[in-house]
Amino acid sequence: MGFRLSFQTDLDVKELVRSASDIVDVIGRDLELRPQGRHFVARCPFHNDKRPSMTVNQERQSWKCWVCDVGGDVFSFVMQREGLDFPAALRLLAERANIELPDKRQGPKTQPGSPNDKATLLAAISDVAQAYYEQLDARKSDDAKMAWDYLNSRGIDDENRKRFRIGFAPDSWDFAVNLLKRKNVSEQVAVACGVAKSRNQAGNQSSNSTGCYDFFRGRLMFPINNAQGKVISLGGRIIPAIAERTVAASGGKATAGAKYFNGPETLLYRKSSELYGLDLARDAIRGAGEVLVMEGYTDVVATRMAGIENSVAVLGTALTEQHVGVLKRFASRVVLVLDGDEAGRRRAEEVLELFVKADADLRILTLPDNADPADFLAAHPASDLLEMAASAPDAIDHKLSRLTDGVDITRDTHRVTSAIETLLGLFVKVPQSDDRASLKVEQLLVRMSRTFELPVESLSRRLDTLRDAYREREAKQERYRQNASKAAAKSAGNSPSRNESPNQYRAKDANVSSGESYQSAVPMEFGGGDPFADAAMEDAGMGGMDDPMMMDSFSGGYDTRSSGFQPSVQSRSQFDSHSSNVPLTGVDRELFETLIASPEVAAMAVEAIDPDWLVSVTAKMLLSAYQELDLAGSDLDAASLLTLIDNEFLKDQVTTLQKRVEALGDRMIDEPEDRYKSILTRFREREFELEKSRQIKKLESASLPEDEELAMLQQLIAAERLRHSPR
């Protein structure tokens with residue numbers, strides 16, 4: 001991404017930064033330069049250089065490594081050294097030279113000292129990290145001594161405490177906040193850089209509490225640096241003795257909290273792209289040609305102490321595509337070192353999709369005996385870990401080994417089929433437009449063919465079938481999203497009237513006789529060849545339940561605390577205040593009785609029924625639940641519906657429908673499909689009456705020209721004749 005400047009301004013800015021960045025000063029920050037004649041020489045950081053093979057020409061402001069056969073100007077050195085693209089290198093050098101770049105993308109200029117000013121945030125979090133380091137280094141308090149003893153018990157020596165700048169956050173609510181206040185840094189900045197938490201943010205929105213308090217308290221602190229070595233966040237590890245004291249002081253009401261937790265995401269810190277220890281490891285990674293990715297800070301410290309310097313750690317998240325993109329700037333081989341416990345094995349499974357998509361040699365090393373890297377290195381020499389990393393299987397071999405462990409390929413048909421479906425299910429997500437990725441999939445099919453002793457052609461045909469199903473699901477989800485957006489736009493453009501539904505699926509017009517709302521494109525009958533029916537079947541509004549951003553604004557979604565279906569906050573309030581838990585009645589009830597009686601009909605209805613056709617919020621929420629089940633590929637039966645729904649009233653409605661269906665039993669004369677067709681016809685009848693009422697009102701207003709009145713009257717008569725004609 002380049003700077004959106006005029007051509008001349010762009011050149012002027014580059015030249016300004018170049019002239020302010022002497023190449024000897026820039027390279028000398030990282031490398032030891034030695035004069036040699038008119039030039040300088042240094043050991044090249046891009047290969048294992050035994051003697052100085054990089055030449056730096058100060059007159060020409062250029063550099064060259066004769067072994068690597070690479071060179072360039074000050075920008076190209078920073079790009080190579082830091083693993084940056086050109087705009088990022090330009091920004092870095094501009095910051096060092098105190099040059100402000102006129103980047104139009106940034107919008108209004110940020111004010112120094114504001115929560116949106118990155119320089120202010122960097123200074124604030126760096127000050128707090130330094131204060132934490134000094135707390136542990138000085139060991140003046142009993143708690144700091146306790147933290148020091150615990151660090152020693154974990155085997156971390158003083159050299160590495162200093163190298164990683166490990167510190168201690170006092171067990172105080174305002175240590176960091178007060179530190180920044182003394183430096184005239186606002187509480188808003190303290191929150192924005194991730195060292196403090198707003199009292200309102202902590203769940204006291206209903207109170208009048210103000211101010212903020214420290215995010216980290218009574219923990220060992222690990223500064224999280226970016227690749228250039230600047231502190232951008234902090235991570236804290238629990239100290240058992242302090243945690244036990246806190247719990248005891250609360251009478252057991254407080255909890256010790258998570259063993260590890262990192263600061264929140266900020267303008268400086270995005271956990272999906274940052275890696276702990278990368279600033280210290282990047283040269284070693286280049287030299288080794290590979291990087292070992294651990295799961296925690298202490299694992300990185302332990303590997304460093306064992307002499308393994310090419311290690312980094314993810315920060316409370318799985319390895320992501322962004323992580324791989326960052327690491328590929330330094331090495332092409334990535335070894336994910338996972339704990340040997342069950343959780344580590346699960347994470348190994350999750351990385352397979354990343355392996356298929358990422359243009360990198362991604363390997364999986366699962367440690368034996370449920371060990372983590374720190375435990376393993378405490379009992380084994382570093383050479384054992386390096387040997388295991390060198391022979392680690394790639395992600396697909398690891399997965400194949402897991403799937404076929406203990407399986408008789410020739411006899412265990414079910415498990416073999418399940419394994420094949422699992423792997424092919426990942427391949428369908430790889431875009432076929434990506435030639436490199438498609439070629440990789442073809443190679444993986446060959447490996448699967450050898451493992452399962454099946455022809456590649458058979459696997460390819462099954463993959464094509466799964467791709468078709470995947471595209472169909474994606475198209476369905478896109479229809480849901482588009483129609484949900486239309487419903488939201490319609491809702492935003494119309495103020496509520498007495499006859500309108502109280503939630504986001506408000507209809508524009510209200511039925512004169514019943515207050516029910518329907519769209520004009522209602523199918524005359526299911527499968528009857530009516531063009532309106534075809535349009536409705538194709539474009540019926542569904543509610544957008546697959547989009548996490550839309551789940552909060554439409555009728556329902558997953559409650560992550562209970563893993564069940566809950567109305568969204570907005571919908572819950574509407575549901576409670578407007579509908580007063582009104583049970584299903586009339587055609588709404590008939591529809592859902594039919595869906596409960598026949599999951600096959602439910603599969604048709606979830607595509608065709610528009611939420612605007614339904615009268616009550618209860619009905620709309622049940623339809624949303626059906627849509628969520630459909631998108632998840634679950635059975636559309638009452639049992640699945642009850643499993644998904646959390647709301648007690650909705651659960652009661654479903655069980656009531658079940659009882660009604662069971663009570664009716666054989667007394668139901670029509671088949672579910674016929675009842676469903678009849679319901680769709682009634683939707684159409686109501687819309688017809690609504691449209692007729694509109695047209696009659698226009699005629700009665702006497703505001704139309706005579707020829708238009710005549711044409712409208714003729715249309716009404718023709719429509720009535722068509723409606724009552726035998727079919």
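All figures in this text were calculated on a predicted structure; none of them were measured in a lab.
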| Steps toward side chain to side chain contact (heavy atoms under 4.5 Å, CB included) verdict (S76, W63) | CA-CA 9 Å; S76 59; W63 65 278; 3.3 Å; yes
Are [X] and [Y] close enough that some pair of their side-chain heavy atoms sits under 4.5 Å apart?
X	Y	answer
I232	I125	no
L121	L267	yes
L179	V128	yes
L315	L275	no
L234	F215	no
R363	L336	no
R154	L151	no
F77	I23	no

Quick one: closest heavy-atom pair of [X] and [Y], and the distance?
X	Y	value
A89	M79	CB-CG, 3.6 Å
Q135	P170	OE1-CG, 3.6 Å
A389	L292	CB-CD2, 3.8 Å
C212	V191	CB-CG2, 3.9 Å
L278	L327	CD1-CD2, 4.4 Å
L367	P373	CD1-N, 3.4 Å

Distance check, rounded to the nearest 0.5 Å: [X] atom [atom1] versus [Y] atom [atom2]?
X	Y	atom1	atom2	value
E628	I645	CD	CD1	11.0 Å
L365	H398	CG	NE2	8.5 Å
D283	I285	CG	CD1	9.0 Å
I308	D299	CD1	CG	11.0 Å

Give a yes or no on whether the backbone of [Y] and the side-chain of [X] come within a donor-acceptor separation of less than 3.5 Å.
X	Y	result
D394	D361	no
E265	K271	yes
H323	E274	yes
R282	A227	yes
S114	Q111	yes
T246	I242	yes
D372	D375	yes
D369	A371	no
R219	G236	yes
H47	G287	no

If you measure from the Lys or Arg side-chain nitrogens to the Asp or Glu carboxylate oxygens, is any gap between [X] and [Y] under 4.0 Å?
X	Y	result
R161	D158	yes
E187	R199	no
R245	D143	yes
D49	R43	no
R91	E95	no
D137	R139	no

| request: Give a yes/no verdict on a cation-pi contact between R286 and F330, requiring under 6.0 Å between NZ or CZ and the six-membered ring centre and an angle within 45° of the axis. | output: no
| request: Start with the C-alpha distance between I166 and Y133, add both sets of side-chain angles, then the distance that settles side chain to side chain contact (heavy atoms under 4.5 Å, CB included), and finish with yes or no. | output: CA-CA 6 Å; I166 300 171; Y133 173 79; 6.0 Å; no
| Exceeds 12 heavy-atom contacts within 6.0 angstrom, atom CD of Q322 | yes
| Between F175 and Y132, how do the two ring planes meet: parallel, tilted or perpendicular, split at 30° and 60°? | parallel
| Mind checking whether Y276 and F164 have parallel, tilted or perpendicular rings, split at 30° and 60°? | parallel
Do [X] and [Y] meet the criterion of a side-chain donor-acceptor pair at a distance under 3.5 Å?
X	Y	result
S172	D174	yes
Q80	R329	no
Y150	R237	yes
D157	N160	yes
Y297	N262	yes
Y260	T298	yes

| request: Could you please spell out the steps behind the ring-ring contact (aromatic ring centres under 6.0 Å, His included) verdict for F261 and F216? | output: CA-CA 9 Å; F261 65 72; F216 299 99; 5.4 Å; yes
| field | Single hit among V26, D30, I27 for side-chain contact (heavy atoms from CB on, under 4.5 Å) with R81 | value | D30
| task | For H380 and L385, run side chain to side chain contact (heavy atoms under 4.5 Å, CB included): C-alpha distance rounded to whole Å, both residues' side-chain angles, the deciding distance at 0.1 Å, then the answer. | result | CA-CA 8 Å; H380 301 82; L385 181 62; over 6 Å; no
